[in-house]
Visitor: 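Let me begin by handing over the structure; questions about it come next.
Just so you know, these numbers come straight off a predicted model, no measurement behind them. Labels below follow one simple rule: chain letters A, B, ... track the order of the sequence lines, proteins then strands, and each chain is numbered from 1.
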Amino acid sequence: MSARYVLRRKPVANRPTVLSNITPSPCMSAPSAELTEQEQRRREEREALEAKGVDPYPYAWDVDAHAQEIIDTFDDDKHQPDGDEEPPYVVSIAGRITSMRVMGKSAFFDVQDSTGTIQAYIRKNDLPDDLYDEVFTELLDIGDIVGLKGHVFRTRMGEVTVRAGDDFQLLAKSLKPLPVVKEREDEEGNVEVYNEVTDKEFRYRQRYVDLVVNPEVRDVFRKRSTLIRTMRDFLDDRGYLEVETPVLQPVYGGATARPFTTHHNALDMELFLRIADELYLKRLLVGGFDGVYEISKDFRNEGLSRFHNPEFTMMELYVAYKDYGWMMELTETLLGAIATALHDDPEFEWQEHAISLEPPFERVTFFDAIEEATGFDLYQADRDRVYDVAKNELQLDDIDGEMGLGKLLDKIFGETVEPSLIQPTFVIDYPVELSPLAKKHRAKEGLVERFELIIAGKEVANAFSELNDPQDQRERFEEQAAMRAAGDDEATPIDEDYLRAMEYGMPPAAGLGIGVDRLTMILTGQESIRDVILFPLLRPEQGAAAVEAGEETVENDKA
RNA sequence: AGGCCUGUAGCUCAACUGGUAGAGCAACGGACUCUUAAUCCGUGGGUUGGGGGUUCGAGUCCCCCCGGGCCUACCA
């Protein structure tokens, strides 16, 4: 079969005149002593391509098939070409070259697209003129993005392969060498990986490379997307309205955390990045919506850890005329649906445990959980008793005499109960001190109607019957303000506009918050939040310019 | 913020108690029309994160700085 198409050249109008010597002079490339040998080499190749009239960055390519689909649908009986017959399975694909095996006048190379990697094959006489020798083998590299069209066949070695027999085009020249990761499969099907890119810093800073060379990373982020889409569909199906509330807020609230601050120039006003969506969403219930939700970033100016990134994704839902008991049922139904969407099964592996998100989940009260874990019944115990238990009986670290009742109970719970709850468990009925926005328990003194959902030892959801009594709310705010005055910089300030809204009347309501990042961690088996956030926050990269700028800033600050 | 670990070629890693910085892959030149970690022959590639110190001599020892990881603390 003769080649009908060529390694495409640029339109004539743009084509440079013939150069007798395509070896570029140093001045043709961006001069830089910083470039590595391989980077310099690729810039020279780019110049040489242009000199030959090959556009290193053309505009489009018609893709009609993808790697995984071709491999899945290839049928030897129907598709394997047979001598003189026209090949029955012709495809046009595009992707990145991840491996090249050139053998004289023919070559195998691997092409990775969004679905996976497929082998491609090309022969010298598939390309016109000397393009095979002078361009394909000389000027193309691992990392380049190409488009190719031709028939699919199975090689003697048994691999489904696309022959670049009908068309072949460079789509983007890669100027930085891609780490080359190789795999070998033994007879038992075990895959051994060579030169795997494992350096965490490299992977987080250059996520784009991580995604190319560690394809399982793409799968994590596809699952994350599926999780959010499932959540959104679930809420939409129930008729709740997706809304957007301010990220920039003059008064922050809705959680106990320190905010980021910023400044609006024209208004000369201090603003805070939201730490929660809660107070705005509940204003919307005042406005008459029956159910509103928001899936968005919140920002907290706290430490970083493998469970904390300064910006993180939260889903918050508020539904009028419901209480926290109803919300528990919605939550377990939602999580069951998400687990099923990700794994085709509500049950999945997490470390050495099999976790099941099949409803209903276990329920235990806050104080019963503490009593089960420690043997101490602290319900209605006073502050000094709780302090004594934490400090002397349980001998917890970092207990100081300043801590209030709420913080002490939270500490005891976090140390003794939370890590042991692997299966999904609703912990219900929290002490009022920990929950300034939750409604007092209808039957139990000193408690609020609140639940947290713990899975795999971590809190993934938090919900309550929402406090809608404006007088009670004002008192709770004032308690927070007192704590704030006493030095607790996480206590929230009074939000007068929120109180004004409450005074108009908010229907009884149930509210829910789900930490999307943590839920993703659990459902994809990742141990660090940085592995479920595409671009986690890192310190700026070290470089000459960065250092100079940094020093200058320091000097300015001193001045 | 504190403790422990860590940074060597584009990638993955070596380099003994201080003694000439190496290997595989990648790159470059050559051979090869069904290979697959392709193979075979040959070649180049480094401010050992940065700065200072000890020493005849520092990747290695000491100090400071920068980045990263894990644990602890706050938080979800």
Side-chain angles (χ1 to χ4, degrees), chain A residues 35-42 44-45 98-110 117 119-126 132 137-138 141-143 153-159 161 163 174 176-186 191-205 209 213 255-258 275-276 298-314 397-398 400 407 410-411 414 418 452 454 458-462 488-490 513-519 521 527-530 538-544 546-547 550-551:
Chain A
L35 291 177
T36 66
E37 183 188 14
Q38 291 187 51
E39 288 169 333
Q40 186 59 39
R41 166 78 198 169
R42 285 172 179 231
E44 290 166 6
E45 287 174 350
T98 56
S99 165
M100 283 180 107
R101 296 176 289 284
V102 178
M103 301 164 305
K105 297 184 180 62
S106 76
F108 287 93
F109 54 104
D110 293 337
T117 300
Q119 179 168 264
Y121 180 59
I122 192 167
R123 289 190 180 189
K124 180 179 165 79
N125 54 18
D126 287 336
Y132 178 83
T137 64
E138 289 292 311
D141 291 295
I142 290 171
F153 69 106
R154 187 185 292 281
T155 65
R156 275 181 219 149
M157 301 300 288
E159 184 156 352
T161 301
R163 170 79 173 268
S174 166
K176 278 186 92 67
L178 191 70
V180 178
V181 180
K182 298 201 174 185
E183 293 180 352
R184 183 169 58 180
E185 197 171 342
D186 67 19
V191 177
E192 218 176 332
V193 182
Y194 298 82
N195 296 342
E196 186 175 16
V197 177
T198 54
D199 182 72
K200 292 273 194 190
E201 182 178 2
F202 183 102
R203 295 178 57 188
Y204 296 148
R205 286 197 193 281
V209 178
V213 301
T256 52
R258 282 178 304 188
I275 59 172
D298 287 341
F299 307 85
R300 297 188 186 176
N301 205 341
E302 311 269 359
L304 287 75
S305 80
R306 75 193 176 93
F307 295 104
H308 302 88
N309 196 62
E311 57 179 297
F312 62 102
T313 302
M314 182 92 113
D397 295 333
D398 303 299
D400 72 59
K407 282 214 168 197
D410 197 30
K411 179 86 184 167
E418 204 170 68
E452 285 195 2
I454 315 289
K458 278 287 159 187
E459 179 195 339
V460 300
N462 182 17
D488 183 347
D489 56 1
E490 284 177 358
I514 292 181
V516 170
D517 310 277
R518 285 192 181 171
L519 185 59
M521 284 171 67
E527 291 184 1
S528 171
I529 197 168
R530 291 179 164 174
L538 299 176
R539 284 192 163 82
E541 242 175 307
Q542 183 72 347
V547 170
E551 283 169 357

Visitor: Using atom C1' of each nucleotide, how far apart are B:C34 and B:U39 to the nearest Å?
Guide: 14 Å

Visitor: Would you indicate which nucleotide in B:C71, B:C32, B:G44 comes nearest to any side-chain atom of A:Glu37?
Guide: B:G44

Visitor: Compare side-chain N and O positions of A:Arg41 against OP1 and OP2 of B:C28 and report whether any pair is under 4.0 Å apart.
Guide: yes

Visitor: Nearest to the A:Arg539 side chain among B:C34, B:G68, B:U12, which nucleotide is it?
Guide: B:G68

Visitor: Does A:Gln119 reach the side chain of A:Thr155, with side-chain heavy atoms less than 4.5 Å apart?
Guide: yes

Visitor: Both distances under 3.5 Å, Watson-Crick or G-U wobble: report the partner of B:C4, or none.
Guide: B:G69

Visitor: With respect to the phosphate group of B:C13, does any side-chain polar atom (N or O) of A:Thr198 fall under 4.0 Å of OP1 or OP2?
Guide: yes

Visitor: 5'-most contact on RNA chain B: A:Lys200 or A:Arg123, nearest heavy atom basis?
Guide: A:Arg123

Visitor: If the C1' atom of B:A21 is compared with that of B:U48, how far apart are they to the nearest Å?
Guide: 8 Å

Visitor: Side chain of A:Ile142 only, please: which of B:A27, B:C74, B:C34 is the nearest?
Guide: B:A27

Visitor: Between A:Arg300 and B:C74, is there a side-chain N or O to OP1/OP2 distance below 4.0 Å?
Guide: no

Visitor: Give the nucleotide from the list B:C34, B:G29, B:G68 with an atom nearest to the side chain of A:Arg156.
Guide: B:C34

Visitor: Is any side-chain N of the basic residue among A:Glu45 and A:Arg41 closer than 4.0 Å to the acidic one's carboxylate O?
Guide: yes

Visitor: Quickly work out the A:Glu39 CD to B:A9 P distance and round it to whole Å.
Guide: 14 Å

Visitor: Show the nearest heavy-atom pair for residues A:Phe202 and A:Pro179, with the distance to one decimal.
Guide: CZ-CG, 4.0 Å

Visitor: To the nearest Å, how far apart are A:Asp110 CG and B:C34 P?
Guide: 17 Å

Visitor: Using a heavy-atom cut-off of under 4.0 Å over every strand shown, decide if A:Phe153 touches base, sugar-phosphate, or nothing.
Guide: base

Visitor: What is the distance from CG of A:Asp410 to C1' of B:A73, rounded to the nearest Å?
Guide: 14 Å

Visitor: Please confirm whether any donor atom in the side chain of A:Glu159 sits under 3.5 Å from an acceptor in the base of B:U35, or the reverse.
Guide: no

Visitor: Which is true for A:Gly515 with a 4.0 Å heavy-atom rule: it touches a base, it touches only sugar-phosphate, or it touches nothing?
Guide: nothing

Visitor: Identify, between A:Val460 and A:Gln38, the residue whose nearest nucleotide on RNA chain B lies closer to the 5' end.
Guide: A:Gln38

Visitor: C1' atom, B:C11 versus B:C71: distance in rounded Å?
Guide: 29 Å

Visitor: Out of B:A37, B:U35, B:U12, which has the shortest distance to the side chain of A:Val197?
Guide: B:U12

Visitor: Hey, does the side chain of A:Lys182 come within less than 4.0 Å of B:A38's phosphate (OP1/OP2), counting only N and O?
Guide: yes

Visitor: Would you mind reading off the distance between A:Asp199 atom CG and B:C13 atom P, rounded to a whole angstrom?
Guide: 8 Å

Visitor: Considering non-hydrogen atoms only, spot the tightest contact between A:Phe312 and A:Asp517 and give its length.
Guide: CB-OD2, 3.3 Å

Visitor: Within this structure, what is the NZ-to-P distance between A:Lys124 and B:A31, rounded to whole angstrom?
Guide: 11 Å

Visitor: Would one find a side-chain N or O of A:Arg184 under 4.0 angstrom from OP1 or OP2 of B:A37?
Guide: no

Visitor: Does OP1 or OP2 of B:G68 have a side-chain N or O of A:Arg205 closer than 4.0 Å?
Guide: yes

Visitor: Quantified in whole Å, what is the C1' atom distance between nucleotide B:A31 and nucleotide B:A38?
Guide: 14 Å

Visitor: Remember a base hit wins even if backbone is also touched, and classify A:Leu538 as base, sugar-phosphate or nothing at under 4.0 Å, heavy atoms.
Guide: sugar-phosphate

Visitor: Expressed as a whole number of Å, how far does the P atom of B:C56 sit from that of B:G67?
Guide: 35 Å

Visitor: Pairing check on B:C25: which nucleotide meets the Watson-Crick or G-U wobble criteria with it, both distances under 3.5 Å?
Guide: B:G10

Visitor: Could you tell me how far apart A:Glu196 (CD) and B:C11 (C1') are, to the nearest whole angstrom?
Guide: 12 Å

Visitor: Using atom C1' of each nucleotide, how far apart are B:G10 and B:G46 to the nearest Å?
Guide: 12 Å

Visitor: Counting side-chain heavy atoms from C-beta on, which of B:A73, B:G68, B:C34 comes nearest to A:Tyr121?
Guide: B:C34

Visitor: Could you check how far CG of A:Asn195 sits from P of B:U36, rounded to whole Å?
Guide: 18 Å

Visitor: Check the distance between B:U36's P and A:Arg154's CZ and give it to me in whole angstrom.
Guide: 17 Å

Visitor: Taking the C1' atom of each, how far is B:C65 from B:U43, in whole Å?
Guide: 39 Å

Visitor: Please name the nucleotide paired to B:U36 by Watson-Crick or G-U wobble geometry with both distances under 3.5 Å, or report none.
Guide: none

Visitor: For the C1' atoms, the ones on B:G50 and on B:C41, what distance do you get once it is rounded to whole angstrom?
Guide: 41 Å

